Amino acid sequence: MPSQNSCDQLDAGWFITFRRQLMRWYRKHQRPLPWRQTDDAYRIWISETMLQQTQVATVLDYYSRFLQRFPTVLALAAADTQEVLQLWAGLGYYRRARNLHQAAQQVVEHHGGSLPSNVDALQSLAGIGRYTAGAIASFAFDRRAPILEANTQRLFSRLLAIQIPLQLSQTQRRLWQFAEDILPSRSGSGQINQAVMELGSLVCTPQTPSCSSCPLADLCAAYRLGLQLKIPVPKPKPSFQSVVHV
DNA sequence: CTCCGGGTAA
DNA sequence: TTACCCGGAG
């Protein structure tokens with residue numbers, strides 16, 4: 001029996017099928033991005049930070065220039081703040097650059113100049129939150145660390161046909177749990193995490209998802225229900241309550 | 001033109 | 001919960 005899920009009764013077989021179909025697609029369709037050609041945690045960290053709130057096409061040039069000037073944690077830690085900001089100019093969210101600089105110094109001081117592989121240690125660094133910590137831990141160190149960001153929230157909410165707003169804490173808990181559930185027990189979490197993000201980015205797109213070419217369509221509850229255009233549900237409009245009668 | 005999304009920190 | 005900053009959407 002292919003696991004149905006009225007209330008998320010997904011069995012082990014479902015996750016195995018999920019990973020097999022996902023990875024077959026990813027091996028064939030992934031973009032050859034520079035930060036995927038490396039397992040250097042520093043490079044992955046820089047790319048993930050730049051990719052927050054900034055799109056791939058823009059990041060490419062900045063990424064290359066930044067790493068040429070600051071090839072290592074040590075080089076960045078020793079840099080002048082103004083030069084870091086200069087290399088960041090045009091990307092916006094300059095706090096990201098300041099945090100990067102500060103965190104590099106924290107890594108030198110507390111971790112001997114190498115980024116830690118542990119999620120909690122990563123998250124204690126400036127500018128590294130739950131997502132980025134999971135990304136570094138899984139991509140660079142292949143730790144079994146879940147990640148959740150805009151693309152995977154959309155993908156997962158469709159797969160599970162979640163029909164309540166994403167920002168509810170209850171929904172976030174469910175999505176983070178699912179993000180962990182899809183990870184293999186031994187190795188390969190980094191590849192799975194990269195693959196779900198790539199699928200969300202290229203196929204399970206916001207407005208017109210390409211369900212006909214989605215490797216997970218047969219596992220997708222929203223697709224099964226014809227709800228892929230209705231999910232994720234739009235965020236509740238700010239409602240003003242009428243005070244008139246009070 | 002205005003509005004809105006999006007990781008992190010406060 | 002909001003600001004940060006920019007690009008994409010309306």
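For clarity, every value in this text was computed on a predicted model and none was experimentally measured. Letters go in sequence order (proteins before strands), and every chain restarts at 1.
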Which pairs, protein N/O on one side and nucleotides 8-10 of chain C N/O on the other, fall under 3.5 Å?
{"from": "dG8(C)", "atom 1": "OP1", "to": "Gln55(A)", "atom 2": "NE2", "distance (Å)": "2.7"}

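Trp25(A) is linked by a side chain to side chain donor-acceptor pair (under 3.5 Å) to His29(A), counting only residues two or more places apart in sequence or in another chain. Under the ring-ring contact (aromatic ring centres under 6.0 Å, His included) criterion, Phe18(A) pairs with Trp14(A), sequence neighbours left out. Take Ser138(A) and apply the side chain to side chain donor-acceptor pair (under 3.5 Å) test, not counting sequence neighbours, and it matches Asn193(A). Taking the ring-ring contact (aromatic ring centres under 6.0 Å, His included) definition, one finds that Trp35(A) meets it with Tyr63(A), sequence neighbours left out.
Taking a heavy-atom distance under 4.0 Å as the criterion, the stretch of DNA chain B touched by chain A extends 5' to 3' from dG5(B) to dA9(B).
Looking at Ser187(A), Ser189(A), Ser117(A) one by one, the single match for side-chain hydrogen bond (donor to acceptor under 3.5 Å, both in side chains) with Arg143(A) turns out to be Ser117(A). With respect to Gln228(A), the side-chain contact (heavy atoms from CB on, under 4.5 Å) criterion is satisfied by exactly one of Ser210(A), Cys214(A), Cys211(A): Cys211(A).
Judged as a ring pair (Phe, Tyr, Trp, His ring centres under 6.0 Å), the pairs with a partner in residues 151-173 of chain A (not counting sequence neighbours) are, in order, Phe156(A)-Phe178(A). Pairs passing the ring pair (Phe, Tyr, Trp, His ring centres under 6.0 Å) check and including a residue from residues 104-149 of chain A, sequence neighbours excluded, do not occur. Sorted by first and then second residue, the salt bridge (charged side-chain N to carboxylate O under 4.0 Å, His left out) pairs involving residues 94-122 of chain A (not counting sequence neighbours) form an empty list.
Following chains of ILVMFWY side-chain contacts shorter than 4.5 Å, one cannot reach Tyr26(A) starting from Ile147(A), and the two form parts of different hydrophobic clusters. Each of Met197(A) and Met23(A) belongs to its own hydrophobic cluster when Ile, Leu, Val, Met, Phe, Trp and Tyr are linked at side-chain heavy-atom distances under 4.5 angstrom.
Glu198(A) and Arg36(A) are joined by a salt bridge, as a carboxylate oxygen and a charged side-chain nitrogen come within less than 4.0 angstrom of each other.
Among the atoms of the strands shown, base atoms are found under 4.0 Å from some heavy atom of Gln53(A). Within the 4.0 angstrom heavy-atom criterion, only backbone atoms of the sugar-phosphate kind lie near Leu125(A); the bases stay farther away.
Contacts between residues 87-105 of chain A and DNA chain B, defined by a heavy-atom separation under 4.0 Å, are made by Tyr93(A). For the segment residues 128-141 of chain A, the set of residues with a heavy atom within less than 4.0 Å of an atom of DNA chain B comprises Ile128(A), Gly129(A), Arg130(A), Tyr131(A), Thr132(A), in numerical order.
Hydrophobic cluster of Leu225(A): the remaining members, joined at side-chain heavy-atom separations below 4.5 Å, are Leu227(A), Ile231(A), listed by chain and number.
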